[in-house]
Protein chains: 2
Amino acid sequence: MHCDHTASAEQLVDIAEQRCRELGVRFTPIRRRVFELVSDTPGGLKAYELLDRLSTEHASARPPTVYRALDFLMEQGLVHRIESQNAFVACPCPEPRPDHHGGFQLMICRACGRVEEMHRLEVTALMSQLVAEHGYTLERQTVELVGLCPDCRSAA
Amino acid sequence: MHCDHTASAEQLVDIAEQRCRELGVRFTPIRRRVFELVSDTPGGLKAYELLDRLSTEHASARPPTVYRALDFLMEQGLVHRIESQNAFVACPCPEPRPDHHGGFQLMICRACGRVEEMHRLEVTALMSQLVAEHGYTLERQTVELVGLCPDCRSAA
DNA sequence: ACCAGTGACGCAATAGTATACCACTTCGCC
DNA sequence: GGCGAAGTGGTATACTATTGCGTCACTGGT
């Protein structure tokens with residue numbers, strides 16, 4: 001299977017649930033709800049926006065509630081953090097084993113906030129080669145590309 | 001001239017001063033001192049660490065003092081932000097015109113915190129090509145590569 | 001030398017992001 | 001049923017960053 005990145009939010013939740021079952025980790029109601037909220041928002045969500053939404057149904061939610069859920073979801077590779085925006089997006093293409101996850105790249109529209117995720121092996125390969133030239137190893141890569149999406153470009 | 005990235009902190013300050021003169025912007029004492037402090041710290045500095053150090057000589061310094069100086073220095077391309085660490089590093093290779101600045105890449109050792117900066121055109125080229133395939137334009141790229149530096153690798 | 005305009009700084013307050021800590025509950029396993 | 005590990009509730013606090021406004025200092029034009 002190659003990821004096509006066309007799964008709906010509902011499908012992503014199903015896949016996530018399935019994956020957690022396989023991995024023997026718990027997809028609790030809070031974690032599920034947080035994942036649903038993030039999946040429903042194409043441009044990603046800030047932690048406190050998430051908290052606001054979660055609070056409407058889950059009055060006891062506090063910052064640790066949402067950060068704990070996000071930490072869990074990131075460990076499983078179901079959610080990624082957008083470092084340059086302090087925001088979180090659902091991975092459209094969750095890999096079976098989070099630790100085997102190669103790198104990913106985010107494309108972010110500065111006008112509409114849309115975020116798309118890519119998993120391009122040639123990027124990881126180039127990065128590995130680059131750091132190797134300096135004697136480094138590569139363990140993690142953050143690649144965030146900001147520009148205009150096709151829609152915003154033609155609108156301008 | 002091709003950047004060799006071997007300039008000492010003092011040399012970087014001289015270059016920065018020269019550049020500001022050319023651009024007609026003011027390299028004030030606060031900005032200079034902040035730049036010196038950042039240049040002196042190979043692994044980058046957090047804003048509040050910077051504030052602590054600045055305060056010892058400049059008692060009136062407050063958060064806006066340091067953030068304003070950092071904003072200025074980033075506009076000039078003299079300092080970069082490490083998004084994944086909320087930290088700031090001096091650019092070892094300041095380009096004459098900040099807006100002509102191609103992308104840069106940061107290599108970060110997770111063990112010792114050392115940071116090295118690269119300006120590799122092939123990375124920018126690959127990123128441009130990638131986003132173009134999705135109809136995007138590329139305006140800004142954040143590339144942060146985390147791993148082990150040669151020293152820490154042999155120490156382990 | 002004067003003055004107006006702009007940009008830099010001082011200072012206080014507050015917004016926004018994230019974690020530590022401890023008690024209690026639930027789950028999975030023996 | 002009892003045990004250990006994991007998850008949650010709840011408070012407090014740490015850390016990161018910005019807004020707003022008044023004042024001062026430099027710049028360029030006269």
Side-chain angles (χ1 to χ4, degrees), chain A residues 16-17 20-35 37-38 41 43-76 78-89 98 113 142 144, chain B residues 16-17 20-35 37-38 41 43-76 78-89 113 142:
Chain A
E17 179 157 33
C20 287
R21 196 166 9 240
E22 287 165 11
L23 294 174
V25 296
R26 293 165 58 193
F27 197 56
T28 66
I30 289 181
R31 291 169 177 179
R32 163 186 284 271
R33 188 69 190 117
V34 167
F35 185 65
L37 288 167
V38 175
T41 312
L45 271 177
K46 306 267 208 165
Y48 279 67
E49 292 172 354
L50 201 42
L51 177 55
D52 285 345
R53 302 197 190 183
L54 192 60
S55 301
T56 66
E57 333 150 347
H58 202 100
S60 72
R62 296 284 179 279
T65 313
V66 30
Y67 282 106
R68 281 191 292 232
L70 288 170
D71 285 346
F72 169 84
L73 295 168
M74 286 193 291
E75 273 167 22
Q76 310 310 318
L78 297 169
V79 161
H80 298 310
R81 184 184 160 80
I82 310 177
E83 299 288 354
S84 58
Q85 308 189 352
N86 299 329
F88 302 85
V89 284
T142 298
E144 299 178 7
Chain B
E17 177 158 35
C20 287
R21 197 167 8 241
E22 288 165 9
L23 295 174
V25 295
R26 293 166 56 193
F27 197 55
T28 65
I30 289 181
R31 291 169 176 177
R32 163 187 285 271
R33 189 66 189 120
V34 167
F35 185 65
L37 288 167
V38 175
T41 314
L45 271 177
K46 305 267 209 166
Y48 278 67
E49 292 172 355
L50 201 40
L51 177 55
D52 285 345
R53 302 197 191 183
L54 193 59
S55 301
T56 65
E57 332 151 347
H58 199 101
S60 70
R62 296 284 178 279
T65 313
V66 30
Y67 281 107
R68 282 192 290 231
L70 288 170
D71 286 347
F72 168 85
L73 295 168
M74 285 193 290
E75 273 166 22
Q76 311 310 318
L78 298 169
V79 161
H80 297 309
R81 184 184 161 79
I82 310 177
E83 299 288 353
S84 59
Q85 307 189 353
N86 299 330
F88 302 86
V89 283
T142 298

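Chain letters run A, B, ... following the sequence lines, proteins first, then strands; residues in each count from 1.
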Find the distance [X]:[atom1] to [N]:[atom2] and express it as a whole number of Å.
X	N	atom1	atom2	answer
A/Ile30	D/dG10	CD1	C1'	12 Å
B/Phe72	D/dC26	CZ	C1'	14 Å
B/Arg62	D/dC15	CZ	P	18 Å
B/Leu54	C/dC9	CG	P	11 Å
B/Gln85	C/dT17	CD	C1'	17 Å
B/Phe27	C/dA8	CZ	P	13 Å
B/Leu45	D/dA17	CG	P	13 Å
B/Asp52	D/dT16	CG	C1'	13 Å

So which atom in B/Phe72 and which in B/Arg26 form the shortest heavy-atom distance, rounded to 0.1 Å?
CZ-O, 3.5 Å
If every non-hydrogen atom of A/Glu49 is compared with every non-hydrogen atom of A/Gly44, which pair is closest and at what distance?
OE1-O, 4.5 Å
Would you tell me if any nitrogen or oxygen in the side chain of [X] comes within less than 4.0 Å of OP1 or OP2 on [N]?
X	N	value
B/Arg68	C/dA8	no
B/His58	C/dG10	yes
B/Tyr67	D/dT18	no
A/Thr65	D/dT8	no
B/Arg81	D/dT16	no
A/Thr28	D/dT8	yes

Could you measure the distance from the CG atom of B/Leu78 to the CG atom of B/Leu70? Nearest 0.5 Å is fine.
11.5 Å
To the nearest 0.5 angstrom, please state how far the CD atom of A/Gln85 sits from the NZ atom of A/Lys46.
7.0 Å
Using heavy atoms to find the nearest nucleotide of DNA chain C for A/Pro63 and B/Ala61 separately, return the residue whose nucleotide is more 5′.
B/Ala61
Residue mapping more 5' on DNA chain D - nearest nucleotide basis, B/Pro64 or A/Ser60:
A/Ser60
B/Lys46 or B/Arg26, whichever maps to the more 5' nucleotide of DNA chain D
B/Lys46
Ring-on-base stacking D/dT16 with B/Tyr48 (under 5.5 Å, under 30°):
yes
Counting heavy atoms from C-beta on, name the nucleotide in [options] closest to the side chain of [X].
X	options	value
A/Asn86	D/dA17, C/dT17, D/dT8	C/dT17
A/Phe88	C/dG10, C/dA18, C/dC27	C/dA18
A/Ala47	C/dC11, C/dA18, D/dG10	C/dA18

Establish, from distance only, whether the side-chain atoms of A/Glu144 and A/Ser84 form a donor-acceptor pair under 3.5 Å.
yes
Is any side-chain heavy atom of A/Glu83 less than 4.5 Å from a side-chain heavy atom of B/Thr142?
no
